[in-house]
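Input: a single structure, listed below in structure tokens.
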Amino acid sequence: MFLTDCMTGWIMLTVLSPCVHVWSAVMVSQPYRVTGINGTAKIKCFIYPQPTYQSTSPPNNHSPYPYPDPEELRVSLLKGLHGRQHLCSSILSVTEQKEINVAGEQEAQCYAQVRDSALEVTVTGLRPEDTDIYRCDIEVFYPPPYLRLTGNGTLVHVPDSSGCTVQDAQTQISFLGYHDGHDEDDKRTASVSVPVVVLVILVTFVIMIIIFLQTLNCQRRRRVTEFLL
């Protein structure tokens with residue numbers, strides 16, 4: 001009986017536990033830092049494992065690209081430490097090596113192409129105040145399945161005439177990222193605390209039921225023993 005109650009408790013804990021994130025086998029890597037020239041910056045987005053069209057070296061012992069090679073995709077740039085602001089995007093036909101559509105907010109425009117084993121995004125119309133971290137957001141439309149991959153981010157420094165250095169830009173972004181990171185951690189803590197409290201209450205409730213049942217069982221045996229005596 002004790003084992004049955006314990007198994008029931010574990011099953012309920014498993015059902016009510018928070019969902020586990022499933023990480024994709026494909027990732028996007030970006031260079032750490034890029035400096036813009038005359039309002040133009042080039043960001044390379046490397047897909048790993050590399051698709052066949054992206055790989056310029058013979059096959060090695062690394063895992064192969066697990067999906068069909070992308071033919072039509074959209075490459076977007078997400079601005080900010082957490083990539084919350086969409087800057088611009090470009091839809092690219094890989095097989096024909098041409099852009100189908102280009103979209104951007106304000107003056108910034110993105111142009112994507114396959115170059116040097118990477119998806120290279122050229123963004124124009126940048127201003128000094130656009131110095132920030134930018135993430136490659138790649139959406140594969142064809143062939144199926146639909147995939148959405150986000151890069152680790154690149155610090156794009158757009159210099160101005162005042163002589164702001166890359167180190168100054170990094171300091172400013174780190175300061176902003178510190179506050180954004182704490183806000184994000186507070187939100188995550190608040191979202192996680194609810195299921196944790198529920199699980200603790202559930203475990204306590206199951207233990208109380210088990211103790212109660214065992215107490216009743218002991219009292220019942222004691223009464224039977226006294227009656228027989």
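For reference, positions follow the sequence shown, starting with 1. The model shown is predicted, which means the values in this text are computed figures rather than measured ones.
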Under 3.5 Å: donor-acceptor pair, side chain of [X], backbone of [Y]:
{"X": "Asp132", "Y": "Lys79", "answer": "no"}
{"X": "Arg135", "Y": "Leu81", "answer": "yes"}
{"X": "Gln109", "Y": "Cys88", "answer": "no"}
{"X": "Thr131", "Y": "Val158", "answer": "yes"}
{"X": "Thr150", "Y": "Asp137", "answer": "no"}
{"X": "Gln30", "Y": "Tyr134", "answer": "yes"}

Quick one: [atom1] on [X] to [atom2] on [Y], what's the gap to the nearest 0.5 Å?
{"X": "Glu120", "Y": "Gln113", "atom1": "CD", "atom2": "CD", "value": "5.0 Å"}
{"X": "Asn152", "Y": "Cys136", "atom1": "CG", "atom2": "SG", "value": "8.5 Å"}
{"X": "Glu139", "Y": "Ile91", "atom1": "CD", "atom2": "CD1", "value": "9.0 Å"}
{"X": "Ile210", "Y": "Thr215", "atom1": "CD1", "atom2": "OG1", "value": "11.5 Å"}
{"X": "Leu147", "Y": "Ile47", "atom1": "CG", "atom2": "CD1", "value": "9.0 Å"}
{"X": "Arg84", "Y": "His82", "atom1": "CZ", "atom2": "NE2", "value": "5.0 Å"}

More than 12 heavy atoms from other groups under 6.0 Å of OH on Tyr142: no
- prompt: Is the number of heavy atoms from other residues, nucleotides or ligands within 6.0 Å of OH (Tyr146) greater than 12?
  reply: yes
With hydrophobic residues grouped by side-chain heavy-atom distances under 4.5 Å, do [X] and [Y] end up in a single group?
{"X": "Val28", "Y": "Leu87", "answer": "yes"}
{"X": "Val203", "Y": "Ile211", "answer": "yes"}
{"X": "Leu149", "Y": "Leu92", "answer": "yes"}
{"X": "Leu73", "Y": "Val121", "answer": "yes"}

Taking every non-hydrogen atom, the tightest pair across [X] and [Y]:
{"X": "Ser117", "Y": "Phe46", "result": "O-CD2, 3.4 Å"}
{"X": "Pro31", "Y": "Thr154", "result": "O-OG1, 2.6 Å"}
{"X": "Pro128", "Y": "Pro159", "result": "CG-O, 4.1 Å"}
{"X": "Gly36", "Y": "Ala41", "result": "CA-CB, 4.0 Å"}

Heavy-atom distance under 4.5 Å between the side chains of [X] and [Y], does that happen here?
{"X": "Thr40", "Y": "Leu126", "result": "no"}
{"X": "Arg74", "Y": "Ser90", "result": "no"}
{"X": "Pro70", "Y": "Pro51", "result": "yes"}
{"X": "Val94", "Y": "Val114", "result": "yes"}
{"X": "Val34", "Y": "Leu155", "result": "no"}
{"X": "Leu78", "Y": "His86", "result": "yes"}
{"X": "Arg115", "Y": "Lys42", "result": "yes"}
{"X": "Thr122", "Y": "Cys110", "result": "no"}

query: How are the rings of Tyr67 and Tyr65 set relative to one another: parallel (under 30°), tilted (30 to 60°) or perpendicular (over 60°)?
result: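 Rings of Tyr67 and Tyr65: perpendicular, over 60°.
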message: Test of understanding: with side-chain contact (heavy atoms from CB on, under 4.5 Å), list the residues that count as partners of Ile37, not counting sequence neighbours.
response: none
task: Show the numbers, then the answer: is there a side chain to side chain contact (heavy atoms under 4.5 Å, CB included) between Val156 and Ile43?
output: CA-CA 8 Å; Val156 178; Ile43 303 175; 3.6 Å; yes
